[in-house]
Amino acid sequence: MRKLIIVVLLLIAFDKPIHCQNAPFYIGVCLGFKEGINAVNTPDGRRNGFAFNSIPDAGIKFYYPLDSNSPISLYTELGYSNYSFIIKESKLSDPIKSFKHHFAYLTITPGIIFDIINLGIKFGFPITANYGPVIDLSKIGTLVEVNAGANINLYSDDIGILNLNIQAGYMLTGIFKDYSKDDPLIDIIPPKKSQEITNEFNPRAASLLVGLSFLMNMNNIFQ
């Protein structure tokens, strides 16, 4: 994992000289709000619910077309990424126990853009975790997520590009290193006695982000 990240960073650092001279190179910032849900079935007695992040995602994006006339571009994003979802009791009585889970990661996302469609793989390292009470970070694994979306141009000129970003993501890895041991709700919403908690129930967030990015054309700024 570390070797992959180092390779990606080196590609960013040395990418500019290998491009065609007329191809622009952009650096900018992005900001967005995200909604999420646990996409994995819960143990009996629980159910999933949607939750909005109270803190926006933010990042720095490096964007570089392969050629000034090509619809294909590469990008790398360094970011702060949040994921939230609700797990609650499945009973219908009132009050129902409900817990908003929140996880935040420092992330790096290499990807490719074709016209306005982008595909990427996000790698993340946990920095906060809670479901109300704090979750020990030693129980949280490294994030691997596949994401896809659209970058819709709202405005562009010689200085830069303003985009509307719509991004869907799905975790390829479970959030907990060992959910069978570290399920935070095991004593709060216990499963039926006949059911065993296994890593089959390890949460994986599916999410949808809507935000904006502004990318500056570094070729024109430093001319």
### Query
Nearest 0.5 Å, what's the OG1-CD1 distance between T42 and I87?
7.0 Å
#### Entry: Name of the residue among N147, T107, T109 meeting side-chain hydrogen bond (donor to acceptor under 3.5 Å, both in side chains) with S81
T107
### Task
Could you walk me through whether N153 and I161 pass side chain to side chain contact (heavy atoms under 4.5 Å, CB included), step by step?
CA-CA 7 Å; N153 180 256; I161 302 170; 3.0 Å; yes
### Query
Between the main-chain N or O of I27 and the side-chain N or O of K61, is there a donor-acceptor pair closer than 3.5 Å?
no
### Message
As an exercise, state the distance from OG of S98 to OH of Y131, rounded to the nearest 0.5 Å.
### Response
13.5 Å
### Message
Which heavy atom of I37 sits nearest to which heavy atom of G49, and what is that distance?
### Response
CG1-O, 3.7 Å
#### Entry: Worked verdict on R46 versus D183 for salt bridge (charged side-chain N to carboxylate O under 4.0 Å, His left out)
CA-CA 13 Å; R46 308 176 194 176; D183 173 13; 2.8 Å; yes
### Query
Would you say the side chain of I72 lies within less than 4.5 Å of the side chain of I113, judging by non-hydrogen atoms?
no
## Note on the structure
Closest non-hydrogen atoms of N118 and A150, given as atom of the first, atom of the second and distance, are OD1-N, 3.5 Å
### Message
Taking atom CZ as the centre, does F52 end up with more than 12 heavy-atom neighbours from other residues, nucleotides or ligands that are less than 6.0 angstrom away?
### Response
no
### Task
List the steps and the verdict of side chain to side chain contact (heavy atoms under 4.5 Å, CB included) for N151 and N165.
CA-CA 5 Å; N151 304 287; N165 302 317; 2.9 Å; yes
### Task
Could you tell me whether the side chain of N48 and the main chain of V40 form a donor-acceptor pair under 3.5 Å?
yes
### Task
Check whether any side-chain N or O of D157 sits under 3.5 Å from a backbone N or O of I159 as a donor-acceptor pair, and report yes or no.
yes
### Task
Provide the closest heavy-atom pair for Y64 versus T76 in the form atom of the first, atom of the second, distance.
OH-OG1, 2.9 Å
### Task
Could you please spell out the steps behind the side chain to side chain contact (heavy atoms under 4.5 Å, CB included) verdict for N163 and L212?
CA-CA 6 Å; N163 283 336; L212 296 171; over 6 Å; no
## Note on the structure
The reported gap from CD1 in I127 to CZ in F103 (rounded to nearest 0.5 angstrom) is 13.0 Å
### Query
More than 12 foreign heavy atoms under 6.0 Å from CG of D187: is that the case here?
no
## Note on the structure
Scanning both residues in full, the closest heavy-atom pair of P43 with I197 reads CG-CD1, 3.4 Å
### Summary
Besides L209, the hydrophobic cluster formed by Ile, Leu, Val, Met, Phe, Trp and Tyr side chains linked at under 4.5 Å, directly or via other members, contains none
### Message
If I take atom CD1 from residue I175 and atom CG from residue D182, how far apart are they, to the nearest 0.5 angstrom?
### Response
12.5 Å
### Query
V144 and I112: same hydrophobic cluster, using ILVMFWY side-chain contacts below 4.5 Å?
yes
### Task
Identify whether L143 and I55 are in the same connected component of the hydrophobic contact network (ILVMFWY, side-chain heavy atoms under 4.5 Å).
no
### Query
For the atom pair SG (C30) and CD (Q167), what is the distance rounded to the nearest 0.5 Å?
9.5 Å
#### Entry: S180 and T198 side chains, donor-acceptor separation under 3.5 Å
no
#### Entry: ring pair (Phe, Tyr, Trp, His ring centres under 6.0 Å) partners of Y26, counting only residues at least two apart
Y63
### Message
I'd like to know if the side chain of N53 and the backbone of S84 have a donor-acceptor N/O pair within less than 3.5 Å.
### Response
yes
### Query
Minimum heavy-atom separation for I140 to A129, with atom names?
CG1-CB, 4.0 Å
### Check: K177 side chain, S138 main-chain N or O, donor-acceptor pair, under 3.5 Å
yes
### Task
State the CZ-CG distance between F201 and N41, to the nearest 0.5 angstrom.
7.5 Å
### Query
Is there a path from L154 to I117 through hydrophobic residues (I, L, V, M, F, W, Y) whose side chains come within less than 4.5 Å of each other?
no
### Query
Under the 6.0 Å and 45° cation-pi test, does K100 pair with F85?
no
### Task
Just jot down the ring pair (Phe, Tyr, Trp, His ring centres under 6.0 Å) partners of Y179, sequence neighbours excluded, or say none.
F176
### Message
Membership question, hydrophobic clusters at under 4.5 Å side-chain separation (ILVMFWY): are I121 and L119 in the same one?
### Response
yes
### Message
Could you check whether any side-chain N or O of K88 sits under 3.5 Å from a backbone N or O of F99, counting only pairs where one atom can act as donor and the other as acceptor?
### Response
no
### Message
Grouping I, L, V, M, F, W and Y whenever their side-chain heavy atoms are under 4.5 Å apart, do F62 and L74 come out in a common cluster?
### Response
yes
### Query
Any sub-3.5 Å donor-acceptor pair from Q195's side-chain atoms to D44's backbone N or O?
yes
### Task
Show your working on side chain to side chain contact (heavy atoms under 4.5 Å, CB included) between L172 and E145 and close with a plain yes or no.
CA-CA 5 Å; L172 300 178; E145 178 191 73; 6.0 Å; no
### Message
Tell me if a side-chain donor or acceptor on N38 pairs with a main-chain N or O of R204 at a distance below 3.5 Å.
### Response
yes
### Message
Can you give me the closest heavy-atom contact between I135 and P184, atom names plus distance?
### Response
CD1-CG, 4.5 Å
### Test item: side-chain donor near acceptor, N82 and H102, under 3.5 Å
yes
### Donor-acceptor under 3.5 Å (R47 side chain, E89 main chain)
yes
### Message
For the residue pair T142 / Y105, report whether a side-chain donor-acceptor contact shorter than 3.5 Å exists.
### Response
no
